[in-house]
Amino acid sequence: RFSTSLIAFQRLTATFLMCANTLITLALSFTSSIIQFPARVAVVRMEGIIYSDAGMHGGLRNAMLDANAAGDGAQSAIDTRMDLPINLRRFESKLTRAFQTAGCRAVALVIDSPGGSPAQSS
């Protein structure tokens with residue numbers, strides 16, 4: 001008798017949960033059709049020198065370091081953050097998450113870079 005009651009209770013609970021899930025889904029779709037939620041814009045911030053995965057060859061990096069060294073003593077633009085590349089390998093997961101954000105209508109890129117490889121920068 002106890003096992004029969006337990007099975008009946010489990011079935012009743014499962015049926016109740018399915019009905020509740022369906023009602024919640026219907027309520028959310030009805031609410032979203034009436035209420036216009038504000039547009040979302042995902043922001044991806046990028047800092048560094050723009051160059052490919054192969055790395056920046058000595059010529060460009062040395063020229064940038066020489067230009068900073070010849071400056072007026074201000075803090076160098078090539079610091080720890082700027083040593084990291086701005087390329088797809090480094091930012092692919094952040095960009096993917098930004099484009100998959102629910103309700104996202106646009107993705108804005110904020111790029112802080114002193115420049116980099118001409119082919120990669122264009």
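Just so we're clear, the structure is a prediction, and the values are computed from it rather than from any experiment.
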Between Phe99 and Val41, is there a shared hydrophobic cluster once you connect ILVMFWY residues whose side-chain heavy atoms come closer than 4.5 Å? no

Heavy-atom nearest pair, Glu47 first then Arg90, reads O-NH1, 2.9 Å

Which pair of non-hydrogen atoms, one from Met46 and one from Leu109, has the smallest distance, and what is that distance? CE-CD2, 4.0 Å

Please list, chain by chain and in numerical order, all residues satisfying side-chain contact (heavy atoms from CB on, under 4.5 Å) with Ala42, sequence neighbours excluded. Ala98, Thr101, Cys104, Val107

If you round to the nearest 0.5 Å, how far is CZ of Arg45 from CD1 of Ile111? 12.0 Å

Nearest non-hydrogen partners of Val44 and Lys94, listed with the distance: CG2-O, 4.2 Å

Taking only residues two or more places apart in sequence, or in another chain, which ones meet Glu92 in a side-chain contact (heavy atoms from CB on, under 4.5 Å)? Leu88, Thr96

Nearest heavy atoms of Ile86 and Ser113, plus distance in Å: CD1-CB, 4.0 Å

Contact check, side chains of Val43 and Val110, non-hydrogen atoms, under 4.5 Å: yes

Apply the side-chain contact (heavy atoms from CB on, under 4.5 Å) test between Leu17 and each candidate in Thr15, Asn21, Thr13; give the one that qualifies. Thr13

